[in-house]
Protein chains: 2
Amino acid sequence: MTKGGSCSGDLQSVVPVFAALGDPIRLSIVARLSENGPLPTIRLTEGVGAISRQGINGHLRVLEEAGLVESARVGRMRQWQLRTQKIAIIRKHLERISIVWDARIAALRALVEDDAAPLSPPALCRPER
Amino acid sequence: MTKGGSCSGDLQSVVPVFAALGDPIRLSIVARLSENGPLPTIRLTEGVGAISRQGINGHLRVLEEAGLVESARVGRMRQWQLRTQKIAIIRKHLERISIVWDARIAALRALVEDDAAPLSPPALCRPER
DNA sequence: TCCATGCGCAACCTCCCAGTTGCGCGCAGC
DNA sequence: GCTGCGCGCAACTGGGAGGTTGCGCATGGA
């Protein structure tokens, strides 16, 4: 578990979130929930071309297990709504990756342009073994 | 193409980016590139337990097609480095989804608490048909 | 010149999952 | 009561992604 290496911490825990968003149907579900507010399953099934209710249900389960949506029975239908917490978490991870990378590239560029001794490459984490 | 509905615009174009990040190996590759700077394929193969070079190569191709990394031949090895542009794009999409949703939920909550007429639900996009 | 290294291409295999279908149940409305 | 709508569960299936193996080529160093 913690053997994955690098100091990314719990980065691996957000893999299901990215995987859940990496599907056109699921991403459109998230977008529709964001724009139209909470919706029942049957409402989400309409508007997605040529896919059964059970197919949509499977996608909703994936989104639910990833922590991106939550649901509750309202009468005889199940209402789905977004949860923005996981989205905030992956936004933070992405921000960190961008910042660390840009800083590293800037440092490398400075090293090259200053023609300094390129030995001992800078390492924010570990020298990769 | 433009039939997908909702005013999400080019949201579907970032699906491959999320799909590329939705794999533990690929996400760890991105993290290692972010932390350790540009690396050749053979270096990325080490450190990932029990997977062949071709396996890593496949993942790198996926990341490349998603626009998350780019590569160049340096001598007899292929050097890989991050591209932060697509990361910035999906950060923007995620930010928008969070903001729109939170605003909508806040408006709904205000409607309920003010006990106003709950008819004609607010719609930032379209009333979902 | 010769050898080791790192990469690219192609074929092959395995297995997981997206999607369908069928059926039954619970709730809303008449 | 009865009927219809929306949902949940289970079994089945096809296709594609992930991974390996084998081979050949180009490059760098002795």
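Numbers restart at 1 for each chain; the letters A, B, ... are given by sequence-line order, proteins then strands.
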**Student:** Contact class for B:Ala50 vs. all strands (heavy atom < 4.0 Å): base, sugar-phosphate, or nothing?
**Tutor:**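 Sugar-phosphate, backbone atoms only, no base.
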
**Student:** Using the side-chain heavy atoms of B:Val62, tell me which of these nucleotides is nearest: D:dC9, D:dC7, D:dG18.
**Tutor:** D:dG18

**Student:** With a non-hydrogen cut-off below 4.0 angstrom, is A:Gly55 in contact with a base, only sugar-phosphate, or nothing?
**Tutor:** base

**Student:** Which atoms form the tightest heavy-atom contact between B:Ala66 and B:Val17, and what is the distance?
**Tutor:**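 Closest heavy-atom pair between B:Ala66 and B:Val17: O-CG2, 3.6 Å.
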
**Student:** Rounded to whole Å, how long is the line connecting atom CH2 of A:Trp80 with atom C1' of D:dC7?
**Tutor:** 11 Å

**Student:** How many whole angstroms separate atom CG of A:Leu60 from atom P of D:dC7?
**Tutor:**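 For the pair A:Leu60 CG and D:dC7 P, the rounded distance is 10 Å.
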
**Student:** Output the single nucleotide from C:dG19, D:dT21, C:dC7 whose closest atom is nearest the side chain of B:Arg78.
**Tutor:** C:dC7

**Student:** D:dG19 phosphate, OP1 or OP2: any side-chain N/O from B:His59 under 4.0 angstrom?
**Tutor:**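 It does, given that an N or O in the side chain of B:His59 lies less than 4.0 Å from OP1 or OP2 of D:dG19.
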
**Student:** Name the one of B:Leu63, B:Leu68, B:Leu21 that satisfies side-chain contact (heavy atoms from CB on, under 4.5 Å) with B:Arg26?
**Tutor:** B:Leu63

**Student:** Please report the distance, rounded to the nearest Å, between CG in A:Asp23 and C1' in C:dA18.
**Tutor:** 9 Å

**Student:** Just compare D:dG18, D:dC7, C:dC7 and give me whichever is closest to any side-chain atom of B:Arg53.
**Tutor:** C:dC7

**Student:** Return no unless some side-chain N or O of A:Arg43 is found under 4.0 Å from OP1 or OP2 of D:dG6.
**Tutor:**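 Checking D:dG6 against A:Arg43, no side-chain N or O comes under 4.0 Å of OP1 or OP2.
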
**Student:** Which residue lies toward the 5' end of DNA chain C, A:Ile25 or B:Gln79, if each is placed at its nearest nucleotide?
**Tutor:**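 The 5'-side residue here is B:Gln79.
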
**Student:** Would you say the side-chain atoms of B:Arg78 and B:Ser71 include a donor-acceptor pair closer than 3.5 Å?
**Tutor:**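 B:Arg78 vs B:Ser71: donor-acceptor pair found between side chains.
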
**Student:** Given atom CZ of B:Arg26 and atom C1' of D:dG19, what is their separation to the nearest angstrom?
**Tutor:**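 It is 13 Å, rounded to the nearest whole Å.
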
**Student:** Tell me whether the side-chain N/O atoms of B:Asn57 come closer than 4.0 Å to OP1 or OP2 in C:dC7.
**Tutor:** no

**Student:** According to a strict under-4.0 Å criterion, is A:Thr41 in side-chain N/O contact with OP1 or OP2 of D:dG6?
**Tutor:** no

**Student:** What is the distance, rounded to the nearest whole Å, between atom CD1 of A:Ile42 and atom P of D:dG8?
**Tutor:**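 From A:Ile42 CD1 to D:dG8 P: 11 Å.
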
**Student:** Of all heavy-atom pairs between A:Ser34 and B:Val100, which one has the smallest distance, and what is that distance?
**Tutor:** O-CG1, 3.2 Å

**Student:** Counting only distance, no hydrogens or angles, is the base of D:dG29 paired donor-acceptor with the side chain of B:Arg76 under 3.5 Å?
**Tutor:**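 No.
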
**Student:** Is there a donor-acceptor pair closer than 3.5 Å between any side-chain N or O of B:Arg104 and the backbone N or O of A:Glu35?
**Tutor:**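 Confirmed, B:Arg104 side chain pairs with A:Glu35 backbone.
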
**Student:** Return the value, rounded to whole Å, for the distance between atom CZ of B:Arg61 and atom P of C:dC7.
**Tutor:**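 One finds 11 Å between P of C:dC7 and CZ of B:Arg61, rounded.
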
**Student:** Can you tell me which nucleotide in C:dC7, D:dG6, D:dT21 comes closest to the side chain of B:Ser52?
**Tutor:** D:dT21

**Student:** When you measure from the side chain of B:Ile51, which nucleotide among D:dC7, D:dT20, C:dT20 comes out closest?
**Tutor:**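 Comparing D:dC7, D:dT20, C:dT20 against the side chain of B:Ile51, the answer is D:dT20.
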
**Student:** Quick one: A:Gln54 CD to C:dG24 P, roughly how many Å, whole number?
**Tutor:** 15 Å

**Student:** To the nearest Å, how far apart are B:Met77 CE and C:dA4 P?
**Tutor:**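 B:Met77 atom CE is separated from C:dA4 atom P by 19 Å.
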
**Student:** Mind running side chain to side chain contact (heavy atoms under 4.5 Å, CB included) on B:Asp10 and B:His93 for me, showing each step along the way?
**Tutor:** CA-CA 10 Å; B:Asp10 58 343; B:His93 278 287; 3.8 Å; yes

